[in-house]
Amino acid sequence: MSHKTKRFVILSFLLTSGMLLALVLGYAWGINGLHAYSHISYIALVVILFIFIYILVFFIGLWESRTTEKIIDLSVNPSAMIPYHILKDQSELGELARSVKKLQDQLSKGEALRNQLVSDVAHELRTPLAILRGQIESMYEGAYELNQQNLLPMLDEIKRMSKLIQDLRQLSLAESGNLPLERKWFECNQLLEEVVRVLEFEAEGKEILLSYSPIEEFEIYCDYTRIKQVLINLIGNSIRYTPQEGNIMIHLSRDGGHVYIEISDDGPGIPPEKLPYIFYRFYRVEDSRNRELGGMGLGLAIAKEFVEAHGGKINVQSEVGKGSTFQIVLPIFPVG
Ligand code: ADP
């Protein structure tokens, strides 16, 4: 007999005894006519009633415990299912079931993300490591000349891998809410002008017109380096995906509490069915296209996490063949 069943047996016994005692006392005090029953049939009645009430209470108890049992099952076996009627129940147990279900969903989502991350990182590192190994082995065997020109692509691969590790570190810090932010007041136009200066050269290489018209001066309280990184990722993407002689426009505006930065390009756009996934790490709209362009699918994930760490958000609008607009919304000063 399980511990729970034992509890029910004792509880049912106590309840039944209590009820019978009340019944007997009721008779004894003459509330109902005791004289209507013989002594023997009175005892038989009491015994039958006892058994009947006992069984009834026992089954009611078992029936009631089903919900708790399902919830306990769920915490032991993560793949167990909570029946729909329990989840819909408005009682406290229903509420408990909903919280346990939410926790279960979060855990399995976390587990799936972890597995996905490990396989993505392995995938990202496998190719450059294989290339490096091949090249170093060839150099060692004398088949490949050890000179500056041959070492340079190897150095690039190593830099790419270091960046991947560094990006993943930043992402995991941001996702766990532990990203250190060094907030300070700075002028918003100045930041945009600096980012444009950094990326101008790359845009000119593709004869892309990168335009930005400053608005009246105002300050924002953010981590300068992180927001600069966000802008470099977004504008960098626009330059990367917009074809030769394209246009990129940066637009800055503000209202009472927020600043809005919009980056619009007339590049290839993103298909609507892919749009919900572009902020996922390692997600690429078109694997081959991005491989050629050298992206690792982390830029937007990092941008989103950094902006959200500031209490802001990123929106995107895109149309295939027409272009994309990424909008950053940031609180001028974080509240709460
Ligand atoms: P990547 O390093 O591959 O650029 P990102 O996370 O920065 O990764 O972007 C995810 C995907 O979103 C890109 O691979 C690309 O397909 C798509 N994307 C991002 N920005 C743009 C843009 N401005 N125009 C078209 N596609 C874009």
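Computation of the quantities below employed the complete heavy-atom set of this structure, encompassing side-chain atoms and omitting hydrogens, waters and symmetry-equivalent molecules. Indexing begins at 1, ligand by ligand and atom by atom, following the structure's order. Note that the numbering runs from 1 along the sequence shown for the chain.
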Under 4.0 Å to a heavy atom of [X] - the qualifying atoms of ligand 1, by number:
| X | value |
| --- | --- |
| Tyr283 | 10 (C), 11 (C) |
| Leu300 | 5 (P), 6 (O), 7 (O), 9 (O), 10 (C), 12 (O), 19 (C) |
| Ile270 | 18 (N), 25 (C), 26 (N), 27 (C) |
| Leu298 | 6 (O), 8 (O) |
| Phe326 | 20 (N), 23 (N) |
| Arg240 | 1 (P), 2 (O), 4 (O) |
| Ser324 | 24 (N) |
| Gly299 | 5 (P), 6 (O), 7 (O) |

Inset, instruction - Indicate, with yes or no, if Met296 and Tyr277 share a hydrophobic cluster defined by side-chain heavy-atom contacts under 4.5 Å among Ile, Leu, Val, Met, Phe, Trp and Tyr. - result: yes
Legend entry - Verify same cluster id: Tyr260, Ile250 (apolar side-chain graph, 4.5 Å):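 In one cluster: no.
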Location of contacts on [X] toward ligand 1, heavy atoms closer than 4.0 Å:
| X | answer |
| --- | --- |
| Arg284 | both |
| Leu234 | neither |
| Phe279 | neither |

N or O contact, [X] vs ligand 1, cut-off under 3.5 Å:
| X | value |
| --- | --- |
| Ala301 | no |
| Gly269 | no |
| Tyr241 | yes |
| Gly297 | yes |

Inset, instruction - From the options Gln190, Glu194, Lys184, select the one residue that forms a side chain to side chain donor-acceptor pair (under 3.5 Å) with Tyr224. - result: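 Exactly one pass, corresponding to Glu194.
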Inset, instruction - Look at Asp156 together with Arg160 and state whether they make a salt bridge at an N to O cut-off of under 4.0 Å. - result: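 Answer for the salt bridge query: no.
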Inset, instruction - Would you mind checking if Glu193 and Arg197 are paired as a salt bridge, meaning a charged N to carboxylate O distance below 4.0 Å? - result: no
Legend entry - Step-by-step side chain to side chain contact (heavy atoms under 4.5 Å, CB included) determination, Lys228 to Leu191: CA-CA 7 Å; Lys228 185 174 161 190; Leu191 167 69; 3.7 Å; yes
Inset, instruction - Could you establish whether Gly267 and ligand 1 come within less than 4.0 Å of each other, counting only heavy atoms on the residue side? - result: no
Legend entry - Asn233 heavy atom under 4.0 Å from ligand 1: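 Heavy atoms of Asn233 never come under 4.0 Å of ligand 1.
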Legend entry - Ring geometry between Phe279 and Phe326 (parallel below 30°, tilted from 30 to 60°, perpendicular above 60°): perpendicular
Legend entry - Arg98 and Lys102: CA distance, side-chain angles, deciding distance, side chain to side chain contact (heavy atoms under 4.5 Å, CB included) verdict: CA-CA 6 Å; Arg98 283 190 290 280; Lys102 207 168 146 195; over 6 Å; no
Inset, instruction - Run the numbers on Lys101 and Asp105 for salt bridge (Lys or Arg N to Asp or Glu O under 4.0 Å), then give the verdict. - result: CA-CA 6 Å; Lys101 172 92 179 68; Asp105 287 349; 3.1 Å; yes
Legend entry - Atom pair CZ/CZ of Arg183 and Arg226 - distance to nearest 0.5 Å: 11.0 Å
Legend entry - Distance-only donor-acceptor check, side chains Glu187 and Asn189, under 3.5 Å: yes
